[in-house]
Engineer: 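Attaching a single structure in structure tokens format; questions to follow.
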Amino acid sequence: MMNTARNVGVIRVGLVAAGLFLAVGLSLALVRVAEAQEAPRVSFGRAGAAFRDGLGSMRGVRELEDGRVLLADGFGAAVIAWTPGGGADTLTNTGQGPEEYRTPDGLFPLPDGGTLLVDLGNARLARIEADLSFGETWPIAQGGPNAGMTMMIPVGTDRDGGIYFQRRLDGMGGTSDSAAVARFDPATGEVFEVGRVRLAQQTREESGDADNRSVSIRPVPFSDQDSWSVAWDGRVAVARADGYRLEWLDSAGGVTRGPEIPYEPVPVRRADQDEWLEGLGGGLRVEATNDGSGMRMSMSRAPSGAGDADPSDYEWPDVKPVIPAAAVAVDADGRAWVRRHVRAGDAHLYDVFDAGGLRVAQVQLPEERRLVAFGAESAYLVRSDELGFAWLEQYALPALPGPR
């Protein structure tokens, strides 16, 4: 009897301790959820500087260490070095040579003050040195007939020179629901997978016979998809659409998951359908020509807009997913900014997450602006006028609470 009573006492103590443990764990979980729900909303002030000219397109913006800003105008075939509050110069070495460019697209930081230029016209990546001279190049097309062809279109870079891109698991013309986040090491030529992300849905239709077959691939409007970007230290920020949250992936295979963020879905109305259709395009066109010295590949961006597309050509969901495509950007302090879906015409809204995946703030952009890049202490926003010209503005980053 004594042993039994003693055992019962131990059990009761154990239950009390377990209850306290569960209560503490639940309290911590509730605190994390509360923090995620109650993030303060902040906004930008006035623009501190603006580029004086409208550009035909603005695919890349990169703030240099000396404060100058590189701009890539694909339509105007120009890389421009701009001093905010001052003048601008154009890098005039255009062409097909080893130290030239044809169709500038994205711009990304590289070690030692360098810049990675995506040159679609020459289908290659080029290093621009800190003194704005041109250095090494790498082909955008990776792989071959046996390994499978993939296009290395950078999403981000890291402080060791790694280039991160998204690789479809079923090839360029596939309709897989997932893709690999891959890192290319220019020093070794090696590519390895960092993680995987969910892709927006697509439909594939084939017609004709073996001698004359036509394939049509169309996106499914407002389908769930993950989005990602890269911090300078090599961590990959992934916004998950299924159970909206922010994850950080590191090179060692570790994952830091933030809490799920509740949200109110945005209904899909006619204005939202029109906005989605207008955003179609921007995909890559690939051409191969023989200029007498061998085959040469070139690439270009398809124009935005759906042409004659009509909303009745698509099946529309009742509500939008939580995030659109290309929703994630990482600032110089290593915070992940995730763009939320809002009603058509509303100002862009971002959730800002720290290194633990906690949402620390929401930032609303000025009306009719979109975020294109971060500097050391600034953000670069673009507005488009009624003629389609892009106007760049530099803003000081708003004060953001919470740890980095």
Engineer: Would W228 and Q166 count as having a side-chain donor-acceptor pair, cut-off 3.5 Å?
Structural biologist: yes
Engineer: With L371, which of F44, Y350, Y395 fulfils side chain to side chain contact (heavy atoms under 4.5 Å, CB included)?
Structural biologist: Y350
Engineer: Has S57 got a side-chain atom pairing as donor or acceptor with F75's backbone, closer than 3.5 angstrom?
Structural biologist: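 Yes; at least one donor-acceptor contact below 3.5 Å.
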Engineer: Report the C-alpha distance between D318 and V268 in whole Å, list the side-chain angles of each, state the deciding distance to 0.1 Å, and finish with yes or no for side-chain contact (heavy atoms from CB on, under 4.5 Å).
Structural biologist: CA-CA 5 Å; D318 293 330; V268 174; over 6 Å; no
Engineer: With heavy-atom distances below 4.5 Å as the criterion, would you say the side chains of D233 and D250 are in contact?
Structural biologist: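 In short, these two side chains do not touch, never coming nearer than 4.5 Å.
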Engineer: Could you check if a side-chain atom of R301 sits within less than 4.5 angstrom of a side-chain atom of D105, using non-hydrogen atoms only?
Structural biologist: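 Contact flag for R301/D105 side chains = yes.
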Engineer: Judged by modelled atom types alone, do D385 and W391 share a side-chain donor-acceptor pair under 3.5 Å?
Structural biologist: yes
Engineer: Could you check whether any side-chain heavy atom of I80 comes within less than 4.5 Å of a side-chain heavy atom of F51, counting everything from C-beta outward?
Structural biologist: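 The answer is yes, as the side chains (C-beta and beyond) meet within the 4.5 Å cut-off.
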Engineer: Do V230 and T157 touch side chain to side chain, with heavy atoms closer than 4.5 Å?
Structural biologist: no
Engineer: How close do M151 and F165 get, counting heavy atoms only, and between which atoms?
Structural biologist: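 Distance-wise, the nearest heavy atoms are O-CD1, 4.1 Å.
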Engineer: Would you say the side chain of P221 lies within less than 4.5 Å of the side chain of Q273, judging by non-hydrogen atoms?
Structural biologist: no
Engineer: In Å and rounded to the nearest 0.5 Å, what is the CG to OG1 distance from D354 to T256?
Structural biologist: 10.0 Å
Engineer: Counting neighbours of CG on D242 that are heavy atoms of other residues, nucleotides or ligands and sit closer than 6.0 Å, is the number greater than 12?
Structural biologist: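 Result for CG/D242: open.
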Engineer: Measure the CZ-CG distance between F389 and D53 for me, rounded to the nearest 0.5 Å.
Structural biologist: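 CG of D53 is found 10.0 Å from CZ of F389.
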Engineer: With heavy-atom distances below 4.5 Å as the criterion, would you say the side chains of L277 and P311 are in contact?
Structural biologist: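 In short, these two side chains touch, coming nearer than 4.5 Å.
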Engineer: How far apart are the C-alpha atoms of V155 and V181, what are their side-chain angles, what is the distance that settles it, and do they pass the side-chain contact (heavy atoms from CB on, under 4.5 Å) test?
Structural biologist: CA-CA 9 Å; V155 173; V181 175; over 6 Å; no
Engineer: Is the side chain of D177 donor-acceptor paired with the backbone N or O of A200 at a distance under 3.5 Å, no angle test?
Structural biologist: no
Engineer: Around atom CZ of F134, are there more than 12 heavy atoms from other residues, nucleotides or ligands closer than 6.0 Å?
Structural biologist: yes
Engineer: Measure the spacing between CG of L107 and CE of M58 and express it to the nearest 0.5 Å.
Structural biologist: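 Interatomic distance, L107 CG to M58 CE, rounded to 0.5 Å: 10.5 Å.
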Engineer: Okay, side chain of S229, backbone of A329: is any donor-acceptor separation there less than 3.5 Å?
Structural biologist: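 No, the answer is negative, given that no donor and acceptor are paired below the 3.5 Å cut-off.
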Engineer: Indicate yes or no for a side-chain donor-acceptor contact from D313 to the backbone of D310 under 3.5 Å, with no hydrogens or angles considered.
Structural biologist: yes
Engineer: Should the heavy atoms of other residues, nucleotides or ligands under 6.0 Å from CD of E377 be counted, would the total exceed 12?
Structural biologist: no
Engineer: What do the steps show when you test L120 against I140 for side-chain contact (heavy atoms from CB on, under 4.5 Å), and what is the final call?
Structural biologist: CA-CA 8 Å; L120 294 182; I140 287 177; 4.1 Å; yes
Engineer: Apply side-chain contact (heavy atoms from CB on, under 4.5 Å) to residues L71 and V79 and explain how you reach the verdict.
Structural biologist: CA-CA 6 Å; L71 316 177; V79 176; over 6 Å; no
Engineer: For the pair K320 (side chain) and P265 (backbone), establish whether a donor and an acceptor sit closer than 3.5 Å, ignoring hydrogens and angles.
Structural biologist: no
Engineer: Taking side chain as C-beta onward, heavy atoms only, is V194 less than 4.5 Å from S251?
Structural biologist: no
Engineer: Rounded to the nearest 0.5 Å, what separates atom CG in L117 from atom CG in L125?
Structural biologist: 8.5 Å
Engineer: Is D226 paired with R198 through a side-chain N to carboxylate O contact shorter than 4.0 Å?
Structural biologist: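 Judged by the 4.0 Å cut-off on N to carboxylate O distance, R198 and D226 do not form a salt bridge.
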Engineer: Out of curiosity, Y101 OH to D119 CG, how far, rounded to the nearest 0.5 Å?
Structural biologist: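 So the gap between those two atoms works out to 9.0 Å.
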Engineer: Scan side-chain atoms only and decide if E63 and Y380 contain a donor-acceptor pair under the 3.5 Å cut-off.
Structural biologist: yes
Engineer: To the nearest 0.5 Å, how far apart are CE in M152 and CZ in R124?
Structural biologist: 13.0 Å
Engineer: Can you confirm whether the side chains of Q362 and D351 place a donor and an acceptor under 3.5 Å from each other?
Structural biologist: yes
Engineer: Centre of W248's six-membered ring, under 6.0 Å away, within 45 degrees of the axis: is that where NZ or CZ of R235 sits?
Structural biologist: yes
Engineer: How far apart are the closest heavy atoms of L110 and W232, and which atoms are they?
Structural biologist: C-CH2, 3.7 Å
Engineer: Quick check: are there more than 12 heavy atoms from other residues, nucleotides or ligands sitting under 6.0 Å from CG of D66?
Structural biologist: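 Counting other residues, nucleotides and ligands, CG of D66 exceeds 12 neighbours.
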Engineer: Taking the basic N atoms (NZ, or NE/NH1/NH2) and the acidic carboxylate oxygens, is any pair closer than 4.0 Å for E100 and R102?
Structural biologist: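 Between R102 and E100 there is no salt bridge, as every charged N stays at least 4.0 Å from the carboxylate O atoms.
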Engineer: Taking E247 first and then R257, would you say they form a salt bridge - that is, a charged N and a carboxylate O separated by under 4.0 Å?
Structural biologist: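 Yes.
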Engineer: Under a 3.5 Å cutoff, is there a donor and acceptor pairing between the side chains of Y164 and R183?
Structural biologist: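 Yes.
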Engineer: Tell me the closest heavy-atom pair linking V363 and P398, and the distance in Å.
Structural biologist: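 Reported closest heavy-atom pair: CG1-CG, 4.3 Å.
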Engineer: So does D272 pair up with R269, basic N to acidic O under 4.0 Å?
Structural biologist: no
Engineer: For F374 and W337, I'd like to know if the aromatic rings sit close, meaning centre-to-centre distance below 6.0 Å.
Structural biologist: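 Yes, the ring of F374 comes within the 6.0 Å limit of the ring of W337, centre to centre.
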Engineer: Using 4.0 Å as the upper bound for N to carboxylate O, is an ion pair formed by R335 and D333?
Structural biologist: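 Yes, charged N to carboxylate O under 4.0 Å.
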Engineer: Between R127 and E129, does any NZ, NE, NH1 or NH2 come within less than 4.0 Å of an OD or OE carboxylate oxygen?
Structural biologist: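 Answer for the salt bridge query: yes.
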Engineer: Do H348 and R370 have side chains that get closer than 4.5 Å, going by heavy atoms?
Structural biologist: yes
Engineer: W138 vs F184 aromatic rings, parallel, tilted or perpendicular, using cut-offs 30° and 60°?
Structural biologist: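 Aromatic pair W138/F184 classed perpendicular.
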Engineer: Scan side-chain atoms only and decide if R62 and T115 contain a donor-acceptor pair under the 3.5 Å cut-off.
Structural biologist: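 Checked: R62/T115 side chains pair up, N/O donor to acceptor below 3.5 Å.
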Engineer: Inspect the surroundings of CD in E193 and state if more than 12 heavy atoms from other residues, nucleotides or ligands are less than 6.0 Å away.
Structural biologist: yes
Engineer: Does W276 have any side chain to side chain donor-acceptor pair (under 3.5 Å) partners at least two apart in sequence or in another chain, and if so, which?
Structural biologist: none
Engineer: Could you pull out the closest heavy-atom pair between D224 and P321, with the gap in Å?
Structural biologist: OD1-CB, 2.9 Å
Engineer: Do Y263 and H341 have their ring centres less than 6.0 Å from each other?
Structural biologist: no
Engineer: Do the numbers put R218 on top of the ring of Y314, so that NZ or CZ is under 6.0 Å from the six-membered ring centre and no more than 45° off the axis?
Structural biologist: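 Yes, cation above the ring, under 6.0 Å and within 45°.
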Engineer: Identify the heavy atoms of A179 and L169 that sit nearest to each other, and give their distance.
Structural biologist: CA-CG, 4.1 Å
Engineer: Between G67 and P84, which heavy-atom pair has the shortest distance, and what is it?
Structural biologist: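 Heavy atoms only, the tightest pair is O-CD, 3.5 Å.
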